[in-house]
Structures are given as structure tokens and as C-alpha cells.
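First up is the structure itself, then whatever we jot down about it.
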Amino acid sequence: MSSFAGRMKEYPTVSVDRFDRENLHARAYFLSHCHKDHMKGLKGPLLKRKLQFSRTVRLYCSFVTRELLLSNSKYAFWEDYTVSLGRRRLLQPAATVCCWLQSATEDVVVTLLPAGHCPGSVMFLFEGSQGNVLYTGDFRLAHGDVSRMEHLHSGSRVKDIQSVYLDSTFYDPRFYQIPTREVCLSGISELVGSWISQSRHHVVWLNCKAAYGYEYLFTNLGEEFSTQIHVNSLTMFRKMPEILSYVTTDRRTQIHACRHPKDDEFLQGNRLPCGGSAPDGTPLRIISIKPSTMWFGERTRKTSVIIKTGSSSYRACFSFHSSYSEIKDFLLYLQPVNIHPSVIPIGRSLAEVTQMLKLMCRKQSDQPASVYRPLGVLKRSRVQPPTYGTSKPLDILYNVNQEVNQPPLDC
DNA sequence: GCGATCAGCT
DNA sequence: CACAGCTGATCGC
């Protein structure tokens, strides 16, 4: 859970992912993704009043995050005060008074980069007089992904990053490796396929938590098995055809991700949380699959990404956050001057994490031009457009969607 | 009656 | 295998 207080040292007049307390005075707001622990204060009456009196204060986020936000009635009042950004946007003082530094306004260029955490999730790159600052929000990026992000480069070189505000959820050697998205997905596919192919009464219940981030599972399984996944509601995906085509409120499907407050009891009674049953009265054969984070040490042998936990229940590896080695790869590539953790892993202290992160920072004697690069990344210094394996739906869900979005405003 | 916070649960 | 968020109790305004 994020404990970031909302403000960055370099650009203290903007607030990111926090909207209470001192953040009530911000001149611009940013939301990296639509998870509640990054939305504290966002439905506050004080903030609402401030907006109604201001012509310039706005909330900036991706198109998908804006849609998810507005689909929740508690946040619908943001309709007139939100701006969904393309990949780059110049925040001009005349329009937004984004930054107020040393008695003068200045322009800050904000770039949205895909974060791979949930639909609409982005990282924000702020470029202005106080240096380049990368706020990661929450992210799941694989090894090498950062080296392929065009906007983190200038020509063939990585930009000089002053500070990174980091999703350090798994920044602990204990979480050294987490199987890749592709490996997890194929393990789940295999299990689902082997079950639902047995008969039309064999169904799978995906025991997903109440949060965005499982959608790529639905789209990939839907695609692979030419079906749709039963969910409680479709309204939040109204303007996201690439998700909408793989989910349904029709209970007559073999893959479910529906929920009920007492879904445990339903399962004990061999019923789905939606109450669905076969039309001819034949009892359903249900298995449950619970996506959970699984991790492995640096040298521990990886075991299966699927674990059987009962006669008809399984856990399947799934992570919204980058592993320790993925975070290390990310930081060693960027070599920022400073790193600020936004999460303290369970059982660690702020001092410990800060100390460990210092090892990932650029040495003060190093010039940005002669930054140390670990051997493992030398071979991918060539800048390429972002790609995320071969999984097309993943690309659509986890990139800032430029087609559906406002046209990008390049500066 | 509303919001903030916490325990408990998953 | 520890993320994200719900429900319900309690407290204060």
C-alpha cells in the first residue's frame, strides 16, 4: 500500500496520488491509476469546493483511468475537472499554473509512460527547471522494458533522472524473482483448458479481488477459449471495447470472475457466486483459481506457477508489482541521483529500504554521460518503441491508449 | 448522519 | 505467499 504523501521535493506545487491534507493546496493533480490507496482524499468535500472555485486546478490522468474514475458515482463529480492526457503534454502556466518556483511560473513537460500495473496505469515523467523526475506509481515492468521506453531517452542515451519516486512493494531480496506475466498466464491457461474441455458442466471460478488489474487475464483467456468471462458489472468498461468484448453478465459461460460477499459459502455448496447452474439441472463441476503473488529467492529452484490447495481449488501465480530483480534492472538502467520509496515492504524499516536503494543510485562522482551500466543491459541500448511480448491485449490494456485518447501533443 | 480509523477477513 | 479493499464497530463532530 502506498504511503507516498503526495508531493515531490522538486515540484512541490503539484500533488500525485494523494489529495488530502497539504495536498489541498496543489495547483495541479495527477492520478497514476484507479486504486483506492492512491485516491485518498479524492472524494473529499474540501477538494470538491476548491475545484468549483478554480479555473485552473485540474486532475490529469490517462484516458482509461479517467473512465474508471468517473464510472464510480462517488467520483463522478470529477467529470468537469479531469483532463486525460496523451503521452506528452506541456503544462503551460497560462493555462494551469502548474509550477510556482522562486516567484515565477514555469513550464513542466509531463509524459505518461505505461506502468503495467492495471488498466490505465501510468508513470509520470516530469521535466522542468528542477530536473527530470520519474514518479512510477505502481508498476509491473519486465526486465528490459525500461530500456525500450522512448520518452526516457534522448537520442540513444537515457535521460538524466534527478529523482525516482518508486513502487518499492517488492524491493527486498526475499522477492527476488516472480515468474513473468507470460509464464503465469500460460500456466493458468493450461489449467483452465484442461478443465473446461471435459464437459460443458465443467466451470472455472477465478477468485479475483475487488480491484482493477485482472482484466488481461480475462482478455487472454477469453481469446484463447473463444468465450467471455462472467463478471458482476460492465459499466466501467463502457468505452473500452478491447475489454468489453471479453466480459459478459450472462452467467451461461464456463469461466467466471463474478463475486458475492459470501462467495466462500457459495463455493462450499457447489454454487457459483452468481448462483449460476446448468440449465438442465446437471450439477456444475467447479474449480476455483485464486490469483496470488508467488516469489522465489535468487537461487531457489522455481516450482510450478499453479499450486493445488484442495480437491477443487488452486492458487495461480499473479503479480501486479515488479519483483526485486525487475526493480533492480529498472533502477540500474536509469541510475537516478535520488530514489524515494513509496512503500515499505512488510517487515522492513524505512531506513533499511532507503539504505538498500542508495546502492541503485548514481554515484555522485559519475556524470550522467558516463553512467555505469550493468553487463546485462549493454546489449539493449538501442531504443525501440515499447513492446510487451506477443500478447496483444496486454499492449492495449497497459499502454496509454493513444487511439482512444486525445491525440498526443508533442512539444 | 457523516467521516475517519481500526480490526477482521479474504 | 502478504495486494487491495470490503464490512462492521467505534469514536468524534
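Just so we're on the same page: letters track the sequence lines, and every chain starts at 1. Reckoned from all heavy atoms, side chains included, excluding hydrogens, waters and symmetry mates. Source: prediction; values computed, not measured.
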Rounded to whole Å, please give me the gap between CE in A/M294 and C1' in C/dC3. 14 Å
Take A/T253 and A/T227, measure what side-chain hydrogen bond (donor to acceptor under 3.5 Å, both in side chains) needs, and give me the verdict at the end. CA-CA 7 Å; A/T253 172; A/T227 185; 3.2 Å; yes
Could you tell me whether the phosphate oxygens of C/dA4, OP1 or OP2, come under 4.0 Å of any side-chain nitrogen or oxygen in A/H321? yes
Of A/Y212 and A/R174, the one whose closest DNA chain C nucleotide lies more 5': A/R174
Test the A/R58-A/Y81 pair against the cation-pi criterion, namely NZ or CZ under 6.0 angstrom from the six-membered ring centroid and within 45° of the ring axis. no
Within the pair A/H33 and C/dA4, is there a side-chain N or O less than 4.0 Å away from OP1 or OP2? no
Using the ring of A/Y216 (Phe, Tyr or Trp, six-membered ring only), decide whether A/R181 places NZ or CZ under 6.0 Å from its centre and within 45 degrees of its axis. yes
Provide, to the nearest angstrom, the distance between the NZ atom belonging to A/K40 and the P atom belonging to B/dG3. 15 Å
Atom-pair distance (CZ on A/F175; P on C/dC3), nearest Å: 7 Å
Integer-rounded Å distance: C/dG5 P and A/N72 CG: 11 Å
Which residues share a side chain to side chain contact (heavy atoms under 4.5 Å, CB included) with A/E79, sequence neighbours left out: A/R66, A/L70
Can you identify which nucleotide, out of C/dC3, C/dA2, B/dT10, has its nearest atom closest to the A/F320 side chain? C/dC3
Could you check how far CZ of A/R21 sits from P of B/dG3, rounded to whole Å? 18 Å
Phosphate OP1/OP2 of C/dC6: any A/K36 side-chain N/O under 4.0 Å: yes
Using a 6.0 Å distance limit plus a 45 degree cone around the ring axis, check whether A/K290 lies over the aromatic ring of A/Y314. no
Here the distance between atom C1' of C/dG5 and atom NE2 of A/H117, to the nearest Å, is 12 Å
Look at all strands and tell whether A/F170 reaches a base, only sugar-phosphate, or nothing, counting heavy atoms closer than 4.0 Å. sugar-phosphate
Base, sugar-phosphate or nothing for A/R259? Non-hydrogen atoms, less than 4.0 Å. nothing
To the nearest angstrom, the CZ-P distance between A/R348 and C/dA2 comes to 18 Å
Map A/D37 and A/I307 onto DNA chain C by nearest heavy atom, then report which one ends up closer to the 5' terminus. A/I307
From NZ of A/K262 across to C1' of C/dT7 the rounded distance in Å is 12 Å
